[in-house]
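Have a look at the structure below before the remarks.
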Amino acid sequence: MKPLISADDLHARLEGGEQVTVLDVRYRMGGPCGPGAYAEGHVPSAAYVDLDADLAAPPGGTQGGRHPLPDPARFAAAMRRCAVSAHRPVVVYDDWQGLAAGRCWWLLRHHGHPDVRLLDGGWAAWVAAGGSIETQAPEPGPGDFHAGPGPGDEVVTAEELGRVGVLIDARAPARYRGEEEPVDAVAGHVPGAVNVPTSLNLTEDGCFRDVEDLREVYAEVGAVPGADVAVYCGSGVTAVHDIIALELLGVRARLYPGSWSELSARATSGSP
């Protein structure tokens with residue numbers, strides 16, 4: 001199952017009467033949250049999903065970092081509230097280059113949903129394609145999604161990082177190099193990690209680059225089919241953007257959920 005869907009394809013499906021569950025995951029780190037933007041206009045039938053409340057547990061510091069993975073039962077309840085069902089395709093989008101919606105994509109797939117895709121280019125692509133816009137929140141019927149336990153081979157722990165073949169840091173280069181750290185307690189990166197910032201995944205219009213371009217980017221750091229690859233970022237959210245890019249290349253990468261926020265909290269607390 002390809003991880004992306006174009007605005008034109010989504011528009012055709014909705015106009016054709018296909019039953020698709022659409023989730024609006026608009027969010028900005030350090031900025032205004034998405035409910036205001038959602039109320040001003042959203043993809044028809046889309047339900048709003050709050051990243052902090054629905055897609056993450058409370059901050060865990062040395063045990064999970066700033067955005068720990070949510071309890072599966074609580075996550076599943078949030079998805080059912082938004083009418084997510086296992087037998088119906090799901091499309092997620094945001095207005096942050098897919099950096100927030102990707103977390104929802106990853107969680108749904110991780111917990112067993114068979115058909116979930118990220119809207120390539122997000123809200124901007126939908127508007128540019130002439131997609132219809134609604135301002136009224138829908139009243140979706142309850143979904144039937146239940147979260148499976150999630151396979152262990154899709155995540156990596158702090159203790160396992162040193163054994164990963166290709167460990168990718170998805171943050172901006174300045175944060176990777178330790179030249180700046182606007183959020184976490186310590187600057188720098190995991191020893192041995194290579195940097196592929198999420199910005200390298202996109203074209204100027206905010207859509208993912210074509211597969212051949214992406215293959216060249218990731219081949220430079222050894223992230224090729226068959227390699228043991230894991231990805232981290234600041235808090236385990238935006239790293240999924242690199243995981244999606246790798247999925248397009250046929251490379252299955254694991255996520256380190258705690259990411260740099262967990263490691264830096266451990267460093268300042270003296271925890272191992």
Side-chain angles (χ1 to χ4, degrees), residues 1-27 34-35 37-51 54-55 75-76 78-148 201-203 205-211 214 240-241 243-250:
M1 177 64 63
K2 293 294 185 183
L4 302 177
I5 186 172
S6 70
D8 287 340
D9 191 2
L10 176 59
H11 183 268
R13 292 185 180 204
L14 293 176
E15 288 293 305
E18 183 174 340
Q19 294 296 306
V20 179
T21 301
V22 183
L23 303 179
D24 184 313
V25 199
R26 279 182 277 186
Y27 172 91
Y38 173 80
E40 292 176 1
H42 50 264
V43 174
S45 78
Y48 180 71
V49 176
D50 187 296
L51 189 149
D54 299 327
L55 306 181
F75 167 69
M79 294 298 97
R80 289 194 297 273
R81 186 189 71 235
C82 295
V84 173
S85 295
H87 64 275
R88 188 163 55 237
V90 177
V91 173
V92 298
Y93 75 91
D94 62 25
D95 59 353
W96 194 31
Q97 301 177 327
L99 296 173
R103 171 73 161 223
C104 194
W105 172 88
W106 188 90
L107 283 168
L108 281 167
R109 191 187 70 165
H110 178 65
H111 288 297
H113 198 287
D115 189 353
V116 54
R117 303 190 195 196
L118 175 74
L119 178 60
D120 197 13
W123 175 247
W126 179 258
V127 173
S132 301
I133 297 173
E134 286 186 352
T135 57
Q136 186 173 358
E139 296 183 3
D144 62 9
F145 178 72
H146 290 275
N201 297 328
L202 302 174
T203 60
D205 63 2
C207 293
F208 276 77
R209 296 166 67 178
D210 66 47
V211 169
L214 289 171
V240 171
H241 206 272
I243 291 177
I244 291 172
L246 287 161
E247 187 89 358
L248 293 169
L249 308 179

Locate the shortest heavy-atom distance separating Asp8 from Ala129; write the atom from each residue and the value.
OD1-CB, 3.6 Å

Can you check side-chain hydrogen bond (donor to acceptor under 3.5 Å, both in side chains) on Asp94 and Tyr27, steps first, answer last?
CA-CA 7 Å; Asp94 62 25; Tyr27 172 91; over 6 Å; no

What I'd like to find out is whether the side chain of His111 reaches to under 4.5 Å of the side chain of His146, using heavy atoms alone.
no

Output yes when a side-chain donor or acceptor of Tyr93 lies under 3.5 Å from a complementary backbone atom of Val43, and no otherwise.
yes

Please report the interatomic distance CG(Asp9) to CG(Leu14), rounded to the nearest 0.5 Å.
9.5 Å

With the side chain counted from C-beta on, respond yes when Val116 and Met1 share a heavy-atom pair under 4.5 Å apart, and no when they do not.
no

CG-NE2 distance between Leu107 and His110, expressed to the nearest 0.5 angstrom
7.5 Å

Under 6.0 Å between ring centres, would you say that holds for His87 and Phe145?
no

Using side-chain heavy atoms (C-beta onward) and a distance below 4.5 Å, is Leu10 in contact with Leu119?
yes

Main-chain N/O of Ser45 paired to Glu134 side chain as donor or acceptor, under 3.5 Å:
yes

What's the verdict on side chain to side chain contact (heavy atoms under 4.5 Å, CB included) for Val49 and Met79, showing C-alpha distance, side-chain angles and the deciding distance?
CA-CA 8 Å; Val49 176; Met79 294 298 97; 4.0 Å; yes

Regarding Thr203 and Asp205, is there a side-chain donor-to-acceptor distance under 3.5 Å anywhere?
yes

Parallel, tilted or perpendicular, as decided by the 30° and 60° cut-offs, for the rings of Phe208 and His241:
parallel

Looking at Arg109 and Glu247, is there a salt bridge between them, counting it only when a charged N and a carboxylate O are closer than 4.0 Å?
yes

Consider side chain to side chain donor-acceptor pair (under 3.5 Å). Of Asp115, Asp144, Thr21, which one does Arg88 pass it with?
Thr21

Output yes when a side-chain donor or acceptor of Trp126 lies under 3.5 Å from a complementary backbone atom of Ser132, and no otherwise.
yes

Gly121 and Cys207 have their tightest heavy-atom pair at CA-SG, 3.8 Å

Validate the cation-pi geometry between Arg117 and Trp105: distance from NZ or CZ to the six-membered ring centre under 6.0 Å, angle to the ring axis within 45°.
no

Rounded distance [0.5 Å steps], CH2 in Trp123 versus CZ in Arg26
5.0 Å

Assess whether side chain to side chain contact (heavy atoms under 4.5 Å, CB included) is satisfied between Val127 and Ile133, documenting all intermediate values.
CA-CA 8 Å; Val127 173; Ile133 297 173; 4.2 Å; yes

Nearest heavy atoms of Ile244 and Gly102, plus distance in Å
CD1-CA, 4.2 Å

Where Ser85 and His113 come nearest, the two heavy atoms and their spacing
O-NE2, 2.9 Å

Kindly say whether Leu55 contributes a backbone atom to a donor-acceptor pair with the side chain of Arg103 at under 3.5 angstrom?
yes

Would you check if Pro3 and Leu248 make a side-chain contact, meaning some heavy-atom pair closer than 4.5 Å?
yes

Gap between atom CG of Leu118 and atom SG of Cys104 - 0.5 Å precision
10.0 Å

Identify the heavy atoms of Cys82 and Leu23 that sit nearest to each other, and give their distance.
CB-CD2, 3.7 Å

Interatomic distance, CG@Leu214 vs CG@Leu202, rounded to 0.5 Å, equals 8.5 Å

I'd like to know if Asp54 and Arg81 make a salt bridge, using a cut-off of under 4.0 Å between side-chain N and carboxylate O.
yes

Short question: side chain of His11, backbone of Gly131 - any donor-acceptor pair under 3.5 Å?
no

Is the closest side-chain heavy-atom distance between Thr135 and Glu40 below 4.5 Å?
no

Could you check whether His42 and Tyr48 have their ring centres less than 6.0 Å apart?
no

Could you report the tightest heavy-atom contact between Ala245 and Asn201, atom names first, then the distance?
CB-OD1, 3.5 Å

